[in-house]
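Notes to accompany the following structure.
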Amino acid sequence: MTGKKRQGFLASGGAGGITIPALILALWFLGGCANLPQQVAKEPVFFPPPPNPPRIQYLTRFSEANDVAGPRGTFTDFVLGKSTPASETIKKPYGVAMHEGRIYVVDTRLPGYAVFDVKERRFSVVTGGESAGGRMRKPINIAIDSDGLKYVTDTGRDQILVFDRNDRFVRAYGSEDQFKPADVAIAGERLYVSDVEHHRIHVLSKNSGQLLFSFGKAGSQDGELYHPTNLALSPDGYLYVADTSNFRIQKFTADGKFVQRIGMLGSGLGQFARPKGVAVDHDGRLYVSDAAFENIQVFGADGKLLMFFGESGERPENINLPAAVWIDYDNVALFQPYAAPGFKLEYLILVTSQFGPNKVDVFGFGEMNNNDNPAGERPSSR
């Protein structure tokens, strides 16, 4: 396939996962009505297109405070005007994470991160300026530990900033010229840090920030890196690195040994032009965002392409210059009401867009239960 990639599907499967019996390539356009988090789409948007069974549904989007808090009252509009204040609108997001019902979106132009509290329907912003040493300059990505501690990579400060569960600044890791951190991933007592300037991965002690070891060097051979950006850890402990300027994803062991490379430069299926966001689900499926093709490609644990979806535009389900991808199993119940009747969600897929009206799109991976849809009819995928 040449040119810009469109959303499509290259595999079908049942509840046990996705297999690849045949190659199906579809170029099609999406439609849809804008829907706030308080609403359910009247006509669900599904991927892949028929005749394949639906596996991913677009659910909703978050771009401003009103998307979670609801519109302001008439009196407030009279006093402040009807437009959303700039401080309550995401400008240029990159990293995203979800924890205990809250979506954390790193905004490089804030600079800081916004918090969409879906459960409590509240919106807030964190810049770190309230505490000495905590002000963010150019935050890029965020990772959240099980205890609620947040680790934010800041390429303006060349540090990793740590905030507690109440968004108070705790400490910073990184000395002068040590690294330019693009992303951070948490594995037990370790922090994996991608160094976009020195083309390496650094492994730090989570508690002290002490450097434990590093791996990788500038180059294009297996195990070498060139501008590594986003990171993801699989449930079985492998580290996936978006080797952006080498146009591929590389898989390493926890100790930094090369295992596998996925993709290469090109405009065909399973190829990349500007890979950035990476995420891995519990079954080993790998999600990769491509900022040039403006889509998400999904690979199996064996590295074979299963599916791709997304295109640019202004519809609610569109993505524009996608950056980060986040997979969440813990907050599915909050979004199940937005799923089509009979479509049971297994996990959420959050995708940030750096441009366009949709800053964070929320998709759901699942399958249709025909017991809840007696006619066996597939909802419109448009």
Side-chain angles (χ1 to χ4, degrees), residues 94-95 97 106 133 136-146 149-163 170-264 272 274-280 286 288 303 323-325:
Y94 197 108
V106 177
M136 289 173 264
R137 296 179 185 171
K138 191 176 181 180
I140 300 294
N141 268 307
I142 185 170
I144 306 177
D145 208 351
S146 57
L149 281 180
K150 305 165 192 74
Y151 297 81
V152 179
T153 56
D154 192 313
T155 57
R157 294 181 49 159
D158 292 344
Q159 290 183 315
I160 299 168
L161 309 181
V162 186
F163 297 85
V170 178
R171 55 186 175 269
Y173 293 153
S175 56
E176 185 177 359
D177 296 327
Q178 182 178 0
F179 46 57
K180 184 174 286 294
D183 198 7
V184 58
I186 306 168
E189 298 305 310
R190 291 178 172 182
L191 296 179
Y192 289 83
V193 183
S194 58
D195 186 343
V196 71
E197 183 174 28
H198 301 101
H199 317 289
R200 308 196 75 190
I201 303 299
H202 304 288
V203 184
L204 311 182
S205 165
K206 184 178 69 174
N207 295 322
S208 68
Q210 178 183 358
L211 177 65
L212 302 178
F213 62 93
S214 301
F215 60 91
K217 65 178 182 178
S220 58
Q221 299 300 311
D222 289 347
E224 296 177 343
L225 301 165
Y226 202 63
H227 296 137
T229 53
N230 292 30
L231 305 174
L233 286 161
S234 66
D236 50 0
Y238 289 101
L239 178 72
Y240 289 83
V241 180
D243 191 5
T244 299
S245 291
N246 279 325
F247 316 103
R248 64 190 181 185
I249 306 300
Q250 292 203 69
K251 179 180 179 181
F252 295 90
T253 67
D255 294 326
K257 295 180 180 179
F258 170 80
V259 176
Q260 181 185 21
R261 54 183 163 82
I262 301 168
M264 58 184 294
F272 301 112
R274 204 186 308 163
K276 286 192 173 180
V278 286
V280 186
L286 173 68
V288 184
V325 182

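Only heavy atoms go into these numbers, but all of them, side chains included; no hydrogens, no water, no symmetry mates.
- Smallest separation of non-hydrogen atoms from R248 and Q221: NH2-O, 3.0 Å.
- Scanning all heavy atoms of the two residues, the minimum distance from A323 to N230 falls at O-ND2, 3.9 Å.
- The structure places OG of S214 at 8.0 Å from CG of D195, a figure rounded to the nearest 0.5 Å.
- Between H202 and Y173, every side-chain heavy-atom pair lies at or beyond the 4.5 Å cut-off.
- The distance from atom CZ of F163 to atom CD1 of I144, rounded to the nearest 0.5 Å, is 12.0 Å.
- Of the possible polar contacts, none joining the T229 side chain to the A182 backbone as a donor-acceptor pair under 3.5 Å is found.
- Relative ring orientation between H199 and H227 is described as tilted, the plane-to-plane angle lying within the 30° to 60° band.
- Within the structure, salt bridge (Lys or Arg N to Asp or Glu O under 4.0 Å) pairs that include any residue of residues 151-160 comprise D158-K180 (at least two apart or interchain).
- For the residue pair D183/Y94, the side-chain donor-acceptor check at 3.5 Å is not satisfied.
- Within a 6.0 Å radius of CZ in F258, other residues, nucleotides and ligands contribute more than 12 heavy atoms.
- In plain terms, the two heavy atoms of L233 and V280 that are nearest each other are O-CB, 4.3 Å.
- S234 and D236 share a side-chain donor-acceptor pair at under 3.5 Å.
- The shortest side-chain heavy-atom distance between V241 and Y192 does not fall under the 4.5 Å cut-off.
- Between R261 and D243, no side-chain nitrogen of the basic residue sits less than 4.0 Å from a carboxylate oxygen of the acidic one, so the salt-bridge criterion is not met.
- By the 4.5 Å heavy-atom criterion applied to side chains, I140 and V106 are not counted as neighbours.
- Partners of R137 by salt bridge (Lys or Arg N to Asp or Glu O under 4.0 Å), not counting sequence neighbours: none found.
- To the nearest 0.5 Å, the span separating NZ on K251 from CG on L286 amounts to 9.5 Å.
- In terms of modelled atom types and a separation under 3.5 Å, the side chain of K276 and the main chain of A242 share no donor-acceptor contact.
- Under the 30°/60° scheme for interplanar angles, the aromatic rings of F252 and F215 are found to be tilted.
- Shown here for P275 and V288, the closest heavy-atom pair between the two residues is CB-CG1, 4.0 Å.
- Considering only heavy atoms from C-beta on, L231 comes within 4.5 Å of L239 through its side chain.
- Using modelled atom types, one side-chain atom of Q250 and one backbone atom of G223 make a donor-acceptor pair closer than 3.5 Å.
- G303 and I262 make their closest contact through O-CG2, 4.0 Å (heavy atoms, listed as atom of the first residue, atom of the second, distance).
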Trace of the side-chain contact (heavy atoms from CB on, under 4.5 Å) decision for L191 with I186: CA-CA 5 Å; L191 296 179; I186 306 168; 3.8 Å; yes
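- Between L204 and Y151 there is no side-chain heavy-atom pair separated by less than 4.5 Å.
- Inter-residue side-chain proximity for L225 and R200 is flagged as unmet; no heavy-atom pair is nearer than 4.5 Å.
- D145 places a side-chain heavy atom less than 4.5 Å from the side chain of K206.
- Residues Q159 and F179 share a closest heavy-atom pair of CA-CE1, 4.2 Å.
- In terms of modelled atom types and a separation under 3.5 Å, the side chain of N207 and the main chain of E189 share no donor-acceptor contact.
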